[in-house]
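What follows is a set of notes on a single structure, which appears directly below.
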Amino acid sequence: CIRDRSTGDIVGDISEKDMRRIQIRETILSHFEKEEKLFDKGIKCLSLFFIDEVAKYRQYDENGDEVLGEYGKMFEQEYINVLNEYVTLLDTPYQRYLKSTCSDVEEVHKGYFSIDKKGHAIDSKVKRGSEFSDDISAYDLILKNKERLLSFDEPTRFIFSHSAQREGWDLSLIHISEPTRLRRIS
C-alpha cells in the first residue's frame, strides 16, 4: 500500500494495523517538521495521541512490570527510523538537541492514563452526565509540571492518552493524532 501525501489517501490493500503504523509515522514526521521550525523560536513542540485502548500502548507482564503494547512498539520503531532520517552531520542547535535530548526513544514518549489500585494504567471513563474523565492524576501531572514538560531539557515530546480533553489543556502548540479511519482507495 502507498499513501499519497498530497491527499492523504491510501492506495492498495491495507490492514488496520498498517493504517495505525502509517498514522504514527506521519505524526512523527509532522512533529519533526514542526519542531524544527519552532526550535529556534524557543517553542517546544508536543504531539498527543488519543488512543482507543490503554493496552495498545502499555501492558503488564506476569510480574506486573510495564511493557509496551502494539502502539508503543510501533511508535519506537517508527521514531527511530524518522530520527535517523533527520539527524545529520551539521552542527546546528537543533541537531545538537536531537542528538543529546531526543536520541533515547524510551524517553521521548509517555503514556498518561488512569491508574487502578495496583498502580496499573487502565482505560479511563467519562462519567455519565459529565464531560470530564476520571483520569485526574494524569492531567494533574501534566498541568502541575507544565514548565518541566515544556522545557527542552525534558525529553518527552509525544504523549499517549486514552481520555477526552479536560479543562486546562492548551492545545495550541500540540499536534493531535486521533485513531480515526484513514480513507482507502482501491
Side-chain angles (χ1 to χ4, degrees), residues 14-32 35 44-84 98 101-127 130-151 153-171 173-182:
I14 185 167
S15 69
E16 184 75 19
K17 185 176 179 179
D18 289 337
M19 285 194 297
R20 296 295 172 239
R21 180 175 291 280
I22 290 168
Q23 285 181 309
I24 289 170
R25 178 181 29 215
E26 292 297 315
T27 299
I28 295 168
L29 280 167
S30 175
H31 176 97
F32 272 79
E35 178 179 70
K44 182 176 178 181
C45 184
L46 299 172
S47 292
L48 178 59
F49 293 89
F50 284 114
I51 60 174
D52 51 347
E53 193 178 330
V54 172
K56 290 185 178 174
Y57 176 75
R58 179 181 298 152
Q59 297 177 353
Y60 297 90
D61 65 16
E62 60 278 351
N63 298 323
D65 297 323
E66 287 184 15
V67 294
L68 290 176
E70 177 183 359
Y71 294 168
K73 290 175 186 174
M74 281 182 196
F75 174 86
E76 289 195 352
Q77 293 163 356
E78 295 301 327
Y79 179 85
I80 290 168
N81 291 338
V82 173
L83 179 65
N84 288 335
L98 288 180
T101 307
C102 306
S103 59
D104 185 350
V105 69
E106 294 176 7
E107 296 297 319
V108 299
H109 65 104
K110 301 273 187 275
Y112 293 99
F113 308 108
S114 290
I115 305 296
D116 67 12
K117 291 178 183 172
K118 295 179 182 178
H120 292 177
I122 57 171
D123 291 342
S124 57
K125 297 171 180 59
V126 175
K127 295 180 175 92
S130 171
E131 59 185 292
F132 303 119
S133 164
D134 65 355
D135 198 356
I136 294 169
S137 63
Y139 294 103
D140 283 348
L141 177 64
I142 293 169
L143 294 175
K144 288 180 180 178
N145 293 310
K146 190 179 347 182
E147 289 78 21
R148 188 186 86 206
L149 181 63
L150 295 175
S151 163
D153 293 331
E154 169 59 44
T156 303
R157 296 154 63 222
F158 299 87
I159 300 168
F160 287 77
S161 183
H162 179 264
S163 298
Q165 301 170 30
R166 269 192 56 161
E167 62 183 277
W169 280 82
D170 177 3
L171 301 177
L173 297 176
I174 299 177
H175 175 84
I176 301 173
S177 178
E178 295 196 47
T180 56
R181 301 245 183 247
L182 295 175

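Smallest separation of non-hydrogen atoms from Thr156 and Leu46: O-CD2, 3.6 Å. Nearest heavy-atom pair, Lys73 versus Leu68, reported as atom, atom and distance to 0.1 Å: CE-O, 3.4 Å. Summarising the geometry of Ser47 relative to Thr27, their closest heavy-atom pair is CB-CG2, 4.1 Å, with the distance given to 0.1 Å.
Between Phe160 and Phe75, the gap from one ring centroid to the other is short of 6.0 Å. Separation of the His109 and Phe49 ring centroids does not fall under the 6.0 Å cut-off.
Formation of a donor-acceptor pair under 3.5 Å by the Asn84 side chain with backbone atoms of Ile80 is found in this model. Judged purely by atom type and a 3.5 angstrom limit, Ser30 has no side-chain atom pairing as donor or acceptor with the backbone of Glu26. With hydrogens and angles ignored, the 3.5 Å screen pairs a side-chain donor or acceptor of Gln59 with a backbone N or O of Ala55. Under the 3.5 Å distance criterion, the side-chain polar atoms of Asp104 are matched with a main-chain donor or acceptor of Glu106.
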From CA spacing to verdict: side chain to side chain contact (heavy atoms under 4.5 Å, CB included), Leu48, Phe158:
CA-CA 6 Å; Leu48 178 59; Phe158 299 87; over 6 Å; no

Please determine whether side chain to side chain contact (heavy atoms under 4.5 Å, CB included) holds for the pair Tyr79 and Cys102, giving the CA-CA distance in whole Å, both sets of side-chain angles, and the decisive distance to 0.1 Å.
CA-CA 10 Å; Tyr79 179 85; Cys102 306; 3.4 Å; yes

Could you give me the CA-CA distance, side-chain angles and deciding distance for Val108 and Thr101, then say whether side chain to side chain contact (heavy atoms under 4.5 Å, CB included) is met?
CA-CA 9 Å; Val108 299; Thr101 307; over 6 Å; no

Determine whether Ser151 and Lys44 satisfy the following criterion, side chain to side chain contact (heavy atoms under 4.5 Å, CB included), listing intermediate values before the conclusion.
CA-CA 7 Å; Ser151 163; Lys44 182 176 178 181; 5.9 Å; no

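Remark: Arg157 does not engage Glu154 in a salt bridge, criterion side-chain N to carboxylate O under 4.0 Å.
Of the inter-residue distances, the one linking Ile51 atom CD1 with Arg20 atom CZ reads 10.5 Å to the nearest 0.5 angstrom. Atom CG of Asn63 and atom CG of Asp65 lie 5.5 Å apart (nearest 0.5 Å). A distance of 5.5 Å separates CZ of Phe32 from CG of Leu98, quoted to the nearest 0.5 Å.
Scanning for salt bridge (charged side-chain N to carboxylate O under 4.0 Å, His left out) contacts around Glu78 gives Arg21, Arg25, with sequence neighbours left out. In terms of the side-chain hydrogen bond (donor to acceptor under 3.5 Å, both in side chains) criterion, residue partners of Lys56 (sequence neighbours excluded) are, by chain and number, Asp52.
Note that Arg58 lies outside the cation-pi zone of Tyr71, set by a 6.0 Å cut-off to the ring centre and a 45° limit from the axis.
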